[in-house]
Amino acid sequence: MTDVVADGEQGEIEDAPTGTEERSFTTSLSTSSLAVLIAVVVGGLIMLFSGENPLTAYGAMLDGAFGSKFALGETLSRAAPLAIVGYGTAVALRAGLITIGAQGQVVAGAIGALLTAQFFETAPSAVAIPAAAIGGALFGMAWVLIPAMLRAYFSVNEILSTLLFTEFAALLIEYLLNNPLKPPTAITPQSDPYPDNGILGLVIDGTRFHTGVFAAVIIGLAFIWWVRSDRGFSYDLYGENPNLAQSLGISSNRVIINSLLISGATAGLVGWIQAAGLLQRVYVGIASDIGFFGLVVAFLGGATAGGVLVAALLFGALQAGGLAMQSSEGIPASLSDIIQALLLLGFSIRYAPQIVRLTRGVMANFTLVGRRRR
Amino acid sequence: MSQLLEATFWSATVAGGLRLATPLIYASIGETFAQRAGVLNLGLEGYMIIGALTSLYVADPTVAPLGFLVGGLAGMLLAAFMVLLSIRLYANQVVVGFGLTILGIGTTGYIFRVTTDVGGRDRQVSLPSEVDIPLLSDIPWLGDALFGHSWYTWLALGLVLVTGFIASRTIFGLEVKAVGEDPDAAAARGVDVVRVRTIATLMSGFLGGLGGAALMLGSVGRFQPWLTANRGFIALIVIIMASWSIWGAAVGAFVFGFFEALGFNLNNVFVDVPVEGLNAIPFFVALLILTASARWARMPRGLGENYVPTV
């Protein structure tokens, strides 16, 4: 518990990073298995209480997440967006910013990708696919630009402003898919099918494992590069101790705006892979809960490359398994939301040292309104 | 267009605004207490939705006031996790808050689906009738706008008076403010920081639950997953706008409710303007207010920081 005690004190860097990480690996492994165990047991108790058999339910869940080629494809195609959003959110978190706006940025990215793809409908795929990716990323960035500037120049809380922009995105996509983008024959709100030349094809037939999933690998590598780059280091420094960073000449406005723009771009890319790969059309619910759970994944993973990947795979499996359990056993898939929430709560008490450092940085930068006075 | 010049349009909008503001009033006055004490409850959304579902499930077989009360207790139960994890075990308040929001949405979604038979009867309650105040309700324009509301609204306004008094005129209110500004200094003067923060957080859970219950029993009547639709987070904006004042939070809730009602009602005036554009009005106003608040709002200095007693 001693490592958590320093949570309230800002600017204290008590461990040398290398020593911490070596010690942390075994402790974080044991604490995380404990948190997972608690979440699974409580989830089981909830099912028992509601008259279901937890063993068959968890069996169906495992089966739906790993039990077949199709199940694995579901897990991967759910984990990839979570990982991508998780990495983007992690860049912001490391800089001390909490954004839950990925939800809206995914929607904006999907619209951007679709419009770009429709513009390049007759171009060769080699042009249309990257163009749509860029279109999606740019729309995602555009959707976070105003919250980023408000945070930088007026210290407007980024959680709340990005949340409002998620509302705007939800209203915008509802309008677009009910009016200009809706095919005349469609009854429910949706877009035309995604143009053929921009589709991200399946890797394995008979699954939904599409090539867009590999974007998660590329973003993961880019994240590793970012963390090790000079700029990434200076952003980390800002996240841990904004006053020190500023006195070293790091511009706070630049850190805030750039890190939020990066998170917006990754969320926009997710909009693109969902539209061009998974769904091959744009629907109102295209973002499902990716935005919120992407933030959770970034937190759980301690905003590190490996941690985010593990958390995203775990959540992808839980969500794919939960839906499979719902259709085979009739037990609501909301159970996986409960388990995911319990995981987050379990990790919040005895998290690994890197999460302690992360949340300490987040609190050092946290403000609901105005600049923080200390 | 000419409807905009009619008094009835505006009295209906003001009345609708107060009705929509009611859940926000409960939620934001409770959360104001917690935040004044230095505890940030990002789980408010979770408190509200669990209060909404519980109130329905209790009120459906019994009576609405009982459902309302139990809804508040359900919110308080969820807030007890906040007390345990953040106040007692020093877990980060932001992380726990998000966890509790997801837990609230997940749990209510689970219970709702488990207990709802396909093709069966939906649990529902009939909406309350308006409680008119004699004489005042008969004032021509104001009577319609201000004095024809359900008891949920009247109770909310009554609670604003009571909690406003507690916050600014009692020892407890002073202690709340002290532990929110500088917990160490407060502790040095003999204030039990953990106790004050615990009470304030449980109040926030109870009132958040009541807010969800008021939404359910006072204006919706039946459950749907994620019924609260970010109202818990809107309450946070209301609190900022009010600069952590209880009276201000009531006004702020009304401002948001008013623009929400205005968005709805304008749909009948500007038939050609897309519905979605008009429905964006309250969120746009919220963004402007959030930005402008920096000019007057000052947040409690210890907000979000855990207090660790020095032994």
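Chain naming here is simple, since letters A, B, ... match the order of the sequence lines and numbering starts at 1 in each. Remember, it's a predicted structure, so these values are computed and weren't measured experimentally.
Pairs engaging residues 281-296 of chain B under the salt bridge (Lys or Arg N to Asp or Glu O under 4.0 Å) rule: none recorded [sequence neighbours left out]. Applying the salt bridge (Lys or Arg N to Asp or Glu O under 4.0 Å) definition to pairs two or more places apart or across chains, those involving residues 143-171 of chain A are R151(A)-E158(A).
Considering only residues two or more places apart in sequence or on other chains, Y58(A) meets the ring-ring contact (aromatic ring centres under 6.0 Å, His included) condition with none of them.
A distance of 11.0 Å separates CG of L171(A) from CD1 of I281(B), quoted to the nearest 0.5 Å. To the nearest 0.5 Å, atoms CG (L40(B)) and CZ (F366(A)) are separated by 4.5 Å. In this structure, the separation between OG1 on T359(A) and CG on N306(B) is 9.5 Å, given to the nearest 0.5 Å. Rounding to the nearest 0.5 Å places OG1 of T291(B) at 14.5 Å from OH of Y153(A).
When each of L344(A), L164(A), L342(A) is checked for heavy-atom pairs under 4.5 Å with chain B, L164(A) comes out on top. Your options are L343(A), V296(A), V156(A), I338(A), and the one with the most heavy-atom pairs under 4.5 Å with chain B is I338(A). Most heavy-atom pairs under 4.5 Å with chain A, from the set V275(B), I105(B), T107(B): that is T107(B).
Identified by a heavy-atom distance below 4.5 Å to chain A, the contributing residues of residues 222-245 of chain B are A229(B), N230(B), F233(B), I234(B), L236(B), I237(B), I240(B), W244(B), in residue-number order.
Both the backbone and the side chain of F154(A) come within less than 4.5 Å of a heavy atom of chain B. In this structure, the portions of I46(A) lying under 4.5 Å from any heavy atom of chain B include both its backbone and its side chain. With a threshold of 4.5 angstrom between heavy atoms, D289(A) does not approach chain B through any atom at all. Of the atoms belonging to Q340(A), not a single heavy atom falls under 4.5 Å from chain B. Residue contact with chain B, scored on non-hydrogen atoms closer than 4.5 Å, involves the backbone and the side chain of Y175(A) alike. There is no contact between F112(B) and chain A, counting heavy-atom distances below 4.5 Å. Contact of L368(A) with chain B is made through backbone and side chain together, with heavy-atom distances under 4.5 Å. Proximity to chain B is absent for every atom of I339(A), based on heavy atoms less than 4.5 angstrom apart. Of the atoms belonging to L290(B), heavy atoms from both backbone and side chain fall under 4.5 Å from chain A.
At a threshold of 4.5 Å between non-hydrogen side-chain atoms, the residues Y110(B) and S50(A) count as touching. Counting only heavy atoms from C-beta outward, the side chains of I102(B) and F293(A) approach each other to under 4.5 Å. Counting heavy atoms from C-beta outward, I173(A) and E276(B) have side chains that stay 4.5 Å or more apart.
Of all heavy-atom pairs between D337(A) and G106(B), the closest is CB-CA, 3.8 Å. Taking each heavy atom of A341(A) and L103(B) in turn, the nearest pair found is CB-N, 3.4 Å. The minimum heavy-atom distance between M363(A) and G304(B), with the atom names listed, is CE-O, 3.3 Å. When all heavy atoms are compared, the tightest approach of G99(B) to L345(A) is CA-CD2, 3.9 Å. Closest of all the heavy-atom pairs between S348(A) and V95(B) is CB-CG1, 3.8 Å.
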| request: Check the pair F98(B), I98(A) against side-chain contact (heavy atoms from CB on, under 4.5 Å), reporting the backbone distance first and the verdict last. | output: CA-CA 11 Å; F98(B) 279 127; I98(A) 314 157; 3.9 Å; yes

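With a 6.0 Å radius and a threshold of 12 heavy atoms from other residues, nucleotides or ligands, Y283(A) has its OH atom above the threshold. Within a 6.0 Å sphere centred on CG of L84(B), other residues, nucleotides and ligands contribute more than 12 heavy atoms. For F81(B), the CZ atom sits in a loose shell: 12 or fewer heavy atoms of surrounding residues, nucleotides or ligands are nearer than 6.0 Å.
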